[in-house]
Structures are given as C-alpha cells and as structure tokens.
Number of protein chains: 2
Amino acid sequence: MTSHDVASAAGVSQATVARTFSSPDLVAPATKLRVEEAAALRAYIPNAMARTLKSQRSRIIGVVVPSQGEYYQHVLTELTRQLSAAGQQLLMFTFSGADDIDGVITSVLSYQVDGVMLASSAISIQQTQRIVSSEVHVVSFNQPAAAGLSPSVVPDNAAGMRKLAEYLVATGHRSVVFVGGVATAPTDKLRHQSATRTLDEHGVSSRYIEVGAHPYAAGLDAAAHLVSKGRLPDAVMGASDEIALGVIDGLRGAGLSVPDDVSVTGFDGIPQAEWGAYDLTTYSQPVAEMVRHTVDLLAQDTLGSDEVVVRGTFRQGKTVSKRERIADA
Amino acid sequence: MTSHDVASAAGVSQATVARTFSSPDLVAPATKLRVEEAAALRAYIPNAMARTLKSQRSRIIGVVVPSQGEYYQHVLTELTRQLSAAGQQLLMFTFSGADDIDGVITSVLSYQVDGVMLASSAISIQQTQRIVSSEVHVVSFNQPAAAGLSPSVVPDNAAGMRKLAEYLVATGHRSVVFVGGVATAPTDKLRHQSATRTLDEHGVSSRYIEVGAHPYAAGLDAAAHLVSKGRLPDAVMGASDEIALGVIDGLRGAGLSVPDDVSVTGFDGIPQAEWGAYDLTTYSQPVAEMVRHTVDLLAQDTLGSDEVVVRGTFRQGKTVSKRERIADA
DNA sequence: CTGAAAGCGCTAACAA
DNA sequence: TTGTTAGCGCTTTCAG
C-alpha cells in the first residue's frame, strides 16, 4: 500500500496524498478528507524509510549504552518516553566489555540517525570523533564529553560526592572505604577524587578499592573483601547506588549491621535505592531533567560542546548512622 | 558520502561498490580490495534506509513494551544482545496506561520493521490484527497470543504457580493471599487461577487482592492493606517478583518478619529477587531461552500461531518458612 | 566478473 | 491549491 494506490483511489495525484500526511495545511479541507478516507480504508501508513531517504531526517535517535547495570535502564525508560512525546524513536545499541564498538558505531550511522546519545565511557575519543565527523549530533550522557568534541549532560558529581562525604564527616565517621567501578572511567574518577579530597580536608582517612565490572556483584565482592581482611571502616562510599546495594547485602550477609556497624552511601538515585530493604542514603540524579536537556540538545540545529551540569539532590536514607567517639584527637 | 563517490574514486561502477558491501562473493578479489580501500579512506558507510527501501528488509525489530516494571528491562537487555548478534537492531516503543497504542503501532509499522515483539496485554486483538494484516511478523512475549493471531513465547505460568502453591502447602501454610497486578491481563489470570486451584485442592483457603498498576508500589499497598485489616494470612503469593518485593518491604516496614510471620513468593526470577536483602522464593523464567525462541520465530519465513511454552525453574529462597501447627483439622 | 538501467516510496521544487 | 518532475542511495535484473 503506497501513496500511489491511495492517490488513484481518491482521484488525486500521489503528491497530494503525500502532502496530506506531511503538510496537511497545504491541502484543501475537502481534498484532505477524501484522501484520509481512502487511506484509512486501505490502512495506508507512510513509509518512514522513503521519507528518510528523501528528507535526510529519520526521526531516529541512536542510543549506545553498556548492557549491564540498573542505572541505564532507568534512563532508557525516561528517554523513550520523552523522545516519543517529541515524535522521535529510539534505536538501541548495547555492548559489553569485549564487543566491537567500532562495528556498533558503523551500524548506528548506517541507519541515518538524527542524533546519538552516548552513555558509556568505554567509547574512545577516536570513536566519538567518527560520529562527529559524519555530521551526526552527539550528546554524552552521564560522562564528560570526550575532548570537548560534543556537548554533555552530567550530574554534579563533585558536589554530590562532597555533600555525601561531608555528611559522613558530620556524623562522626573516621575511616572510609570508597568502592569504585572502573577507575579509568572519568565519572568514577571524578566521584572518587571529590570524595577523597573532602574527607582529606577533614582529616578522615580513606582507601580505594575496585572490584569487577558488574556493579552489584562488585559491591558484594568488595564487602566480602573488607570482611575477610578484618579491618572494617566505619563507612563505605559506593561510586554508584548499585555498587552500594551490593555492599550492603554483602555486609549484612556476613552478619554485620548497616548502618550500626558500617554506614553506606551510594550515588545516582535509582528506584531500587528507595526500596524499603535498603532506604539508601545517596545523591539522586534528576534523570528526567538530564534526559530533557539531552533531547533538547539533540534537537538543536548546531551543537556546541557545552557541558550541562545538572544539580542533583541529597537523599537522607537509613544507611548512615551517627558515630559517637569517646575522645577525638 | 555515497556509493557513487566511492565508485568514481575506485574507478568502478556504483553497482560494483554496492556489491562489495552486500554480496562480496560476486566481486573479484582485486576489485574488492580497491573498493574497500577507497571506501575506508572516505569513511563510507552504506545507507541502511536506501537498502531497506529497495530490498524491503530493514533488519529492524520493533519492540512494544510497557514503560513500567523491572521485568521487561531485563528482557530488553537480553533481546538487544541476541538481536545484535544476529545483525538486527531494536527499535523501542513504550507506552503507559493512557497512551495512544494505535499511534504507537502506526509508528512501528511506518518504519518497515521486519518483525514486532509485543510484550503487553494492554494491546487489543484488533491492534494485533492490524500488525498481522500488514504482513509483519509478530510474536507475543510473556503473554498468550491474541486469539491465535500470532505465535507466542510464554513461561509455564500454570505449572510454575502450581509448584509454588504446592510448596506452600507442603510447608504447612493454611491461609494465602494472592496479590495480582491487573486482573484482566491473561497472564495474571492464568497465574491466579493456577494458584487458587492448587490451594483449593489441598483445602487451603485463599483470597485475591489487586492494587494499582506499578508493580512494586502495588506490593507495598497490598501489604499495608493486609496489615491494616489485622487478619494476616500466613503466606502471600505475588503475581510477579516485583509485586512480591513490594509486599516484603511493606510487611517488614510494618515490623513483621518475612518469612517468620508471613511467607512470600514471587514469579519471574528478575535479578533483584536474588539480591541478598530478599533472596526470594520464586519461579524463574528462562529469559535467555525465551528470547532465543522469539528471535528464531521472528526470523522464520512463515509464521504459524504456535504457543511456545518454556519451562522455568523453581528457586528456593529464604522468604518461605515452615509452619508448625498444634492440630490440623 | 562488471556495468547499465530501472525503480523502491517518498519530498520538494516548480509550474500551472 | 494541485500536479509534474526529479531525485534521495541503494539492490537487482539483464547484458556484455
């Protein structure tokens, strides 16, 4: 069923049919009605591929995300919602560790996407450059843009971690372990540095440990590691909520109490962090707002390389408790 | 950058460039090499939209899922992985409650998808019929096919729920509340019926309650409802894991112990069910296997309307405990 | 093995 | 306001 078929049925030209669907205002009301009837009767739907080929706009946004982790699933839900409200579709590309990212990028580009949301630090500068060179709009999500090649939308990692660290200091914690995801990831690095610096400033000692790529499992492993070594900190800061939840389950599984024996904080504000079993103290990213900025940026004619930093909110849960000291310093 | 540009650079015809990428075997090795070099130099990537228009195959699978719930996120991750291994892409469409599903279907079809995975019971028979009529392959996932219109891939809901109910009976439970999601959904109905029937057969009383559409919140509400009424059952069966997790958090939040005061079971086997804080007793769907069947069905030339029932596995967690009775009957 | 040519279904000048 | 026309970039006969 093509616009030609509908045209002959309605006794108009193919162009008129096309116009009724793409710019209805240019068609006389009576004609429009006749065309719409003929189209409805035949279940005609304009071919988006042909439209793309001619108009050079696909209304498709490509999304490249790691295949693991709760955080991005949360983001994808919101992104699909907002894109579809803006008449755009989401073409999804995931990859894990060893996957061929160059192949993924080739595939994204072959579909003539109107824009790409990049949500992984595993993508190199060269790879980002490939997309930018092909004149496709790119926005980095939840990570600083590679070498100022593209705009990015990020939470205020440093401010958030500082806030959490200060909270731990204020509640009397004196030794902290920071559990990271992948140290080479800029986001992880930023969060870690901010936490460490803040703790340092207040004379609180901190250590860094890192275990594996799957966040929840990494948290579990980190907890097991801490327990086995015997020297427990009085607080653990997770680089993300999912890591923190793993840490909590690991510690509790070993018979320890969170927060009585060890306090735990997260970062992101995923839905699970609010679940009753955890009620995690964390710093919530305003995902809806971040997605809105992303969608807006992608829709712009010309793209700068600004970094949009979106302020999150401190969430006081029940995974941090006051430490009372007999004598301090 | 088009195949024409590459062609003139390599001194061959446009057709030869096209062949080098779509059917390399038909091109002489030497020519192929020259073309590939010219293409690489110019970062040429074949236009998938043009290919689709001509060949009538987009290599895109449309996926229609509800925007809420952990279960489908889990499925989507697996689906993207398997599709991309098969050289196909996933175009995502979500909707929530009041959204215009007909519009969503129109949109899916406009993109000339090679197939559609339908994963929601909110889609009517007429709507499924629309897709089938347009000769696009449809597979219903995790729900019986609408009126035998399409094949479907489902877990053995009845067998799974029977197993769970029998387990509750065997561990001495005498009063059970089943918490449903949306009673009109075929999947929910099947699960509820199977549970109730099994309990009946063993003389165990059961009630049914249903609260809201968001699964976790529904579970919380159900727990609050039960606690406020004062008459607690000795077990709660959730229609899904996410509902069950909400129930657990609700009960525990009210100061009750799961499983000591009330046992809880789920259904699905989502990752969170295994998290240490819950360790839910449930029936796990073999999602990877179900997705594999779906991808296979979608790839078939002709589609029947078979229902593929995939056997899941009982997962013994720590949310059900033995009930000891002083005297029974 | 390679080239010429037609056309997939649509948009966008341009003419009428 | 509507029709005519020329492609968008590719696949696919059909010749050579």
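Chain letters run A, B, ... following the sequence lines, proteins first, then strands; residues in each count from 1.
Nearest-nucleotide mapping onto DNA chain C: of B:Gln14 and B:Ser55, the residue sitting toward the 5' end is B:Gln14.
Here B:Tyr44 and B:Phe21 bring their ring centres to under 6.0 angstrom of each other.
D:dC8 atom P lies 11 Å from atom CG of B:Asp5, rounded to whole Å. A straight line from CZ of B:Arg19 to P of D:dC10 spans 14 Å, rounded to a whole angstrom. The nearest whole Å value for the distance from the CG atom in A:Leu26 to the P atom in C:dC14 is 16 Å. Spacing between atom CZ of B:Phe21 and atom P of D:dT12 amounts to 16 Å, rounded to whole angstrom units. Between the P atom of C:dG7 and the CG atom of A:Leu53 lies a distance of 17 Å, rounded to the nearest Å. Rounded to whole Å, the distance from CG on B:Asn47 to C1' on C:dC10 is 14 Å. Per the geometry, CD belonging to B:Gln56 stands 15 Å off P belonging to C:dG7, to the nearest Å. The distance between atom NZ of A:Lys54 and atom P of D:dT5, rounded to the nearest whole Å, is 15 Å.
Note on B:Ser3: every side-chain N or O is 4.0 Å or more away from OP1 and OP2 of D:dG9. Proximity of B:Tyr111 to the phosphate of C:dG9: no side-chain N or O atom is located under 4.0 Å from OP1 or OP2. Between B:Thr2 and D:dG9 there is no side-chain polar atom (N or O) within less than 4.0 angstrom of OP1 or OP2.
A donor-acceptor contact under 3.5 angstrom links the side chains of A:Arg130 and A:Thr106, judged on distance only.
Using a 4.0 Å cut-off between charged side-chain N and carboxylate O, B:Arg34 and B:Glu37 make no salt bridge.
Relative to the side chain of A:Ala15, the nucleotides C:dG3, C:dC1, D:dT4 differ in distance, and D:dT4 lies closest.
The side-chain contact (heavy atoms from CB on, under 4.5 Å) test with B:Gln285 singles out one residue from B:Asn142, B:Val154, B:Val310, and that residue is B:Asn142.
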